[in-house]
Amino acid sequence: MQKGTAAIIGGGVIGGGWAARFVLMGWDVRVFDPDPEAQRKIIEVLANARRSLPGLSDVALPPEGTLRFHDTMSAAVDGADWIQESVPERLALKHKVYQTLQEHCAEGAIIGSSTSGFKPSELQDCATRPAQIIVTHPFNPVYLLPLVELVPTDKNPPELIQRAKDILTGIGMYPLHVRAEIDAHIADRFLEAVWREALWLIKDGIATTTEIDNAIRYGFGLRWAQMGLFETYRIAGGEAGMRHFIEQFGPCLSWPWTKLMDVPELTDDLIDAVAGQSDAQSGMYSIRELERTRDTNLVTILRGLKAQDWGAGKLLNAQDARVAGVPALPDDLTRPIVTVERAVPLDWTDYNGHMNEARYLQAFGDATDRMMLLVGCDADYIATGGSYFTVETHIRHLDEVHAGAVIRVETQVLLGEGKKMHLFHRMYQGDRELATGEHMLVHVSLETRRACDPAPHVAGTLARVASAHTALPRPEGAGKAIGVKG
Ligand SMILES: NC(=O)c1ccc[n+]([C@@H]2O[C@H](COP(=O)([O-])OP(=O)(O)OC[C@H]3O[C@@H](n4cnc5c(N)ncnc54)[C@H](O)[C@@H]3O)[C@@H](O)[C@H]2O)c1
């Protein structure tokens with residue numbers, strides 16, 4: 001994975017999220033923000049991100065980069081490969097910021113703007129080197145949501161656009177190349193349309209903030225999260241598909257269903273109604289509590305989509321594959337083999353606030369899968385009709401572990417002979433032993449569903465590992481049954 005130095009100019013809601021994503025993806029980050037509270041806020045955002053982002057991945061992320069705060073913009077951008085501007089949405093302020101930072105940053109650095117609405121040509125106006133500036137508009141929380149709208153102009157060289165895409169992909173994002181610049185890019189156009197309709201519904205006394213949120217989160221919001229608009233409507237057209245859908249709902253376009261271009265005036269009464277209803281709906285939670293709830297929910301949804309290899313989940317799987325590389329047996333077989341290295345995901349924790357006991361088995365199951373893969377029992381081999389089934393498991397829970405912590409499973413082959421594969425897994429956080437898992441597996445024919453010998457190349461590799469591991473001391477706890485003291 002490509003790593004470098006990122007300068008974050010403006011460390012508020014969005015800049016803090018960028019800082020957290022870059023740091024957790026191994027980049028060194030330098031922040032400039034004149035607000036004396038910015039450091040505290042970013043450290044809090046980073047804590048939330050540490051709890052949620054690493055566990056989205058099923059493989060270990062690179063070691064964290066460093067996070068430094070600078071008193072001047074010139075010190076922050078000096079030597080930076082990527083500069084992310086996230087100052088308030090005022091064009092004159094953004095122009096002023098570009099003037100100063102272009103005096104000090106490298107000519108080859110990329111300057112991405114988080115602007116929600118300005119076109120890149122507006123940002124490039126009056127800049128010393130317009131070719132360096134593009135829009136890279138993210139979504140909150142930047143450390144969890146993959147979308148970033150990348151909007152260039154014809155002043156940006158193709159090489160810079162490609163480099164920007166590669167860097168954003170490298171930090172786990174999906175750069176959506178917006179081919180023509182328009183106000184508010186693509187996604188914020190939808191958000192603005194829905195926002196306008198919602199304000200009308202409140203102003204006209206049709207619905208409250210809670211009722212509007214329920215209409216979204218219990219219904220179409222769930223559809224949008226996994227298929228978007230057009231794929232969802234294609235299904236809504238039934239077997240006749242999209243053409244039928246348009247025939248059926250096309251006439252509504254001329255009915256008074258929407259007040260899109262008719263904007264309600266933001267009177268004091270309307271603001272009081274929206275803010276008051278929102279207080280009644282969510283005022284019992286602090287913003288930090290709401291952020292944590294949002295992050296836990298997002299992680300749960302995203303990991304569900306990962307299991308389906310669909311939508312944003314498919315992006316995350318592709319990122320895992322890039323980070324993990326091709327699995328291979330280590331050259332040195334005289335030590336146990338690292339079969340799992342990952343952070344504990346938020347959705348693996350329970351009411352006690354620590355990793356649920358079932359997830360210990362999941363981590364050991366993943367370690368077993370990896371061991372099978374390393375000895376040659378991979379997808380191609382399984383397609384030929386052979387596999388291993390687990391017939392017995394014994395887990396000892398030795399210590400607790402929390403969301404975001406990096407766990408490592410080391411596997412020792414106790415026996416790899418004939419139909420049998422006897423594994424002993426040890427789970428650690430750093431040097432702290434968390435659990436052991438002892439598993440007996442039997443090789444089976446997927447046709448007869450009965451035990452049989454593995455193919456020679458699988459048997460041979462497994463025997464080689466088992467033979468090397470016989471030199472290791474027998475692990476403490478191996479062969480143990482549940483002990484009753486007293
Ligand atoms: N909030 C969102 O949901 C969202 C989403 C996507 C994009 N954006 C865009 O991101 C940008 C920042 O928005 P935000 O919501 O993070 O705002 P914010 O008010 O939370 O943060 C802005 C930060 O910029 C700092 N700042 C002000 N002047 C500065 C200067 N001269 N140099 C460096 N820092 C300076 C402020 O102290 C503040 O911490 C805007 O362009 C906005 O359109 C916001």
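Indexing begins at 1, ligand by ligand and atom by atom, following the structure's order.
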Distance from atom 21 (O) of ligand 1 to nearest protein heavy atom, with residue and atom: G12 CA, 3.3 Å
Does H177 offer a backbone N or O that forms a donor-acceptor pair with the side chain of K165 under 3.5 Å? no
Under 4.0 Å from any heavy atom of P138, which atoms of ligand 1 are there? 6 (C)
Within 4.0 Å of atom 37 (O) of ligand 1 (strictly less), any protein heavy atom? yes
For the residue pair P345 and G55, what are the closest heavy atoms and their distance? CB-O, 3.3 Å
Within 4.0 Å of some non-hydrogen atom of K94, the atoms of ligand 1 are 40 (C), 41 (O)
Consider only side-chain N and O atoms of Q162 and D166, and report whether a donor and an acceptor are under 3.5 Å apart. yes
Between I83 and C105, which heavy-atom pair has the shortest distance, and what is it? CD1-CB, 3.4 Å
What residue and atom, counting heavy atoms only, is the protein's closest point to atom 32 (N) of ligand 1, and at what distance? F32 CE2, 3.5 Å
Polar contact flag for E89 and ligand 1 (N/O pairs, less than 3.5 Å): yes
Check whether any N or O atom of L93, backbone or side chain, sits under 3.5 Å from an N or O atom of ligand 1, and answer yes or no. no
Give the atom numbers and elements of ligand 1 that come within less than 4.0 Å of a heavy atom of D35. 37 (O)
Return the residue, atom name and 0.1 Å-rounded distance of the protein heavy atom closest to atom 20 (O) of ligand 1. V13 N, 3.0 Å
Which atoms of ligand 1 sit under 4.0 Å from any heavy atom of S114? 7 (C), 8 (N), 9 (C), 10 (O)
Sub-3.5 Å donor-acceptor pair from the side chain of E149 to the main-chain atoms of V151, do we have one? no
heavy-atom search around atom 22 (C) of ligand 1 in the protein gives S86 O, 3.6 Å
What is the nearest protein non-hydrogen atom to atom 3 (O) of ligand 1, stated with its residue, atom name and distance? N140 CB, 4.0 Å
If we ignore angles and hydrogens, is there a donor and acceptor under 3.5 Å between the side chains of T128 and E103? no
Side-chain H-bond candidate by donor/acceptor type, D28 with T5, under 3.5 Å: no
Atom indices of ligand 1 within 4.0 angstrom of H137 heavy atoms, with elements: 6 (C), 7 (C)
Report the nearest protein non-hydrogen atom to atom 16 (O) of ligand 1: residue, atom name, distance rounded to 0.1 Å. I14 N, 2.9 Å
Within the structure, does M73 bring an N/O atom to less than 3.5 angstrom of an N/O atom in ligand 1? no
Between the side chains of T296 and R51, is a donor N or O closer than 3.5 angstrom to an acceptor N or O? yes
Backbone or side-chain N or O of S116 under 3.5 Å from ligand 1 N or O: yes
Of the listed options (T115, V135, V87), which comes nearest to atom 40 (C) of ligand 1 when hydrogens are ignored and any heavy atom counts? V87
Would you mind writing out the side-chain donor-acceptor pairs for residues 244-253 within the sub-3.5 Å range, not counting sequence neighbours?
from	atom 1	to	atom 2	distance (Å)
H244	NE2	Q248	OE1	3.2

Hey, what's the ring geometry for F364 with H425, parallel, tilted or perpendicular (30° and 60° as the breaks)? parallel
With respect to L346, which candidate in L298, L56, V299 satisfies the side chain to side chain contact (heavy atoms under 4.5 Å, CB included) definition? V299
I'd like to check the ring-ring contact (aromatic ring centres under 6.0 Å, His included) partners of H185; sequence neighbours left out, ordered by chain and number. H137
Compute the minimum heavy-atom distance from P34 to ligand 1 and say whether it is under 4.0 Å. yes
For Q277 and T210, which I'm curious about, is there any donor-acceptor pair between the side chains at under 3.5 Å? no
I'd like to know if K41 contacts ligand 1, where contact means a heavy-atom distance under 4.0 Å to any ligand atom. no
How close does the nearest protein non-hydrogen atom get to atom 19 (O) of ligand 1, and which residue and atom is it? P88 CG, 4.6 Å
Quick one: does D33 get an N or O within less than 3.5 Å of an N or O on ligand 1? yes
